[in-house]
Amino acid sequence: MNLEQETPRLLMRVLTKEYAPQVLEFYRKNAEIFEQYEPIVGDDFYSLRHHEQLLSHEYNEIIKLRMLRFWLFEKDNPEEIIGTICFQNITPNIFASASVGYKMDASYRRQGYCYEALVSGLKLVSQEIGIRRFEALVLPENIPSISLLEKIGFSREGLLKDKVFLQNRWRDHYLYSLIIKQ
């Protein structure tokens, strides 16, 4: 599998630890937004060392096809990270399933970049790894994320009570899925 993909407007890249400064900047710049939807981060999360280790760990998991994270760059600005899409819990064979996650820089939201990247990534993971069921969790009040998933073709399967511990409390999440017929 090619670790760099292109869409009409984007470069989608798997990154190594050398990109830790850009990844750290992406998270720092968007901390206020991302922390609404993520578990509480540790004291070292906003350190270069943490992101070097995380990128190294993720790269090793990608090589083993346990996960796949693409970092998104505009073709016209190939040095600034504008988002990320991730396929985790990749389970081929009898389950042929994976979880989907995504984040976009606040300045690049609602411009179709995440849609473009996810459609490309879903096709790639389906064709190259054989995944046919994709799942995504979303907070019920996260209307932009719900709209994105539904636009791609995901269907709401139900409400998972107290699914994820966020902001010091258990939060309900909708479970969305997309089945790709092969």
Side-chain angles (χ1 to χ4, degrees), residues 1-16 18-39 41 45-46 51 54-55 58-59 62 67-88 90 98-129 131 133-157 164 166-167 171 173-180:
M1 175 184 315
N2 188 346
L3 299 183
E4 184 167 314
Q5 302 290 318
E6 287 189 30
T7 69
R9 298 181 297 162
L10 297 171
L11 297 174
M12 298 172 32
R13 299 178 183 148
V14 170
L15 299 182
T16 57
E18 291 73 25
Y19 280 87
Q22 289 100 315
V23 171
L24 177 58
E25 176 59 24
F26 172 73
Y27 280 107
R28 278 186 179 155
K29 184 177 174 186
N30 293 282
E32 188 175 318
I33 295 168
F34 293 165
E35 289 176 6
Q36 295 175 51
Y37 305 103
E38 297 287 330
V41 296
F45 183 81
Y46 293 104
H51 287 285
L54 186 58
L55 287 168
E58 286 187 350
Y59 188 82
I62 290 165
M67 72 168 293
L68 179 62
R69 179 183 301 281
F70 284 113
W71 294 91
L72 310 179
F73 301 81
E74 287 181 301
K75 284 183 177 177
D76 295 340
N77 185 8
E79 296 305 315
E80 181 186 0
I81 295 171
I82 66 166
T84 181
I85 63 168
C86 185
F87 300 91
Q88 295 178 307
I90 294 175
S99 302
V100 178
Y102 41 87
K103 294 179 181 73
M104 287 301 296
D105 183 291
S107 303
Y108 294 90
R109 289 183 171 189
R110 297 198 171 125
Q111 296 179 42
Y113 288 117
C114 198
Y115 174 86
E116 188 174 316
L118 280 171
V119 168
S120 177
L122 289 161
K123 181 178 178 183
L124 175 78
V125 172
S126 176
Q127 291 177 351
E128 300 231 359
I129 304 175
I131 301 303
R133 178 181 171 84
F134 295 91
E135 297 178 349
L137 295 176
V138 62
L139 287 163
E141 63 270 18
N142 189 345
I143 303 304
S145 190
I146 290 169
S147 297
L148 171 66
L149 291 170
E150 290 178 350
K151 181 177 179 183
I152 291 170
F154 279 77
S155 298
R156 185 182 309 164
E157 289 192 349
V164 182
L166 300 174
Q167 294 83 42
R171 305 286 304 274
H173 279 69
Y174 286 133
L175 172 63
Y176 275 81
S177 70
L178 175 70
I179 308 292
I180 297 180

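The residues of the chain are indexed from 1 along the displayed sequence.
- To the nearest 0.5 Å, atom CG of residue Leu72 and atom CD of residue Gln5 are 12.0 Å apart.
- Residues forming a salt bridge (charged side-chain N to carboxylate O under 4.0 Å, His left out) with Glu25 (at least two apart in sequence, or on another chain): none.
- Ile85 CD1 to Tyr113 OH: the interatomic distance, rounded to the nearest 0.5 Å, is 15.0 Å.
- At least one side-chain heavy atom of Asn142 sits under 4.5 Å from a side-chain heavy atom of Pro144.
- Side-chain contact check for Leu166 versus His173: some heavy-atom pair is nearer than 4.5 Å.
- Annotation: the span from Phe73 atom CZ to Leu15 atom CG amounts to 5.0 Å, rounded to 0.5 Å.
- Of the possible polar contacts, none joining the Ser120 side chain to the Glu116 backbone as a donor-acceptor pair under 3.5 Å is found.
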Checking side chain to side chain contact (heavy atoms under 4.5 Å, CB included) for the pair Leu178/Arg133: CA distance, chi angles, key distance, verdict? CA-CA 6 Å; Leu178 175 70; Arg133 178 181 171 84; over 6 Å; no
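- In plain terms, the two heavy atoms of Ile33 and Ala106 that are nearest each other are CD1-CB, 3.3 Å.
- By the salt bridge (charged side-chain N to carboxylate O under 4.0 Å, His left out) test, Arg109 pairs with no residue at all, sequence neighbours left out.
- In this structure, the separation between OH on Tyr19 and CZ on Arg13 is 4.5 Å, given to the nearest 0.5 Å.
- Shown here for Met67 and Cys86, the closest heavy-atom pair between the two residues is CE-SG, 3.4 Å.
- Once rounded to the nearest 0.5 Å, the distance linking CD1 of Ile179 with OG of Ser155 reads 8.5 Å.
- Summarising the geometry, atom CG belonging to Leu54 is positioned 7.0 Å from atom OH belonging to Tyr27; distances are rounded to the nearest 0.5 Å.
- Taking both residues in full, the closest heavy atoms of Leu175 and Glu135 are given as CD1-CB, 4.0 Å, listed atom of the first, atom of the second, then distance.
- The heavy-atom pair separating Ser126 from Ile180 by the smallest distance is OG-CG2, 3.5 Å.
- Checking Leu124, Ile62, Thr84 one by one against Phe70, the side chain to side chain contact (heavy atoms under 4.5 Å, CB included) holds for a single residue, Leu124.
- In terms of heavy atoms, Ala98 sits closest to Ile90 at CB-CG1, 4.0 Å.
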Let's go through Leu148 and Tyr102 carefully: what are the C-alpha distance in whole Å and the side-chain angles of both, what is the deciding distance for side chain to side chain contact (heavy atoms under 4.5 Å, CB included) to 0.1 Å, and is it a yes or a no? CA-CA 11 Å; Leu148 171 66; Tyr102 41 87; 3.8 Å; yes
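- Side-chain atoms of Ser177 never come within 3.5 Å of backbone atoms of Phe134 as a donor-acceptor pair (strictly under, hydrogens ignored).
- In this structure, the side chains of Ile81 and Val23 come closer than 4.5 Å at one or more pairs of heavy atoms.
- Close placement of the Phe26 and Phe34 rings is indicated, their centers lying within 6.0 Å of each other.
- The shortest distance between side-chain heavy atoms of Arg110 and Met104 does not fall below 4.5 Å.
- Around atom CD of Glu141, more than 12 heavy atoms belonging to other residues, nucleotides or ligands sit under 6.0 Å away.
- Residues Met12 and Gly121 approach most closely at CE-N, 4.2 Å, considering heavy atoms.
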Steps toward side chain to side chain contact (heavy atoms under 4.5 Å, CB included) verdict (Leu3, Tyr59): CA-CA 10 Å; Leu3 299 183; Tyr59 188 82; 3.9 Å; yes
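- Residue pairs meeting the salt bridge (Lys or Arg N to Asp or Glu O under 4.0 Å) criterion with at least one partner in residues 67-77, sequence neighbours excluded, are Glu6-Lys75, Glu58-Arg69.
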Apply the test side chain to side chain contact (heavy atoms under 4.5 Å, CB included) to residues Phe87 and Leu122: give CA-CA distance (whole Å), side-chain angles for both, the deciding distance (0.1 Å), then the verdict. CA-CA 9 Å; Phe87 300 91; Leu122 289 161; 3.8 Å; yes
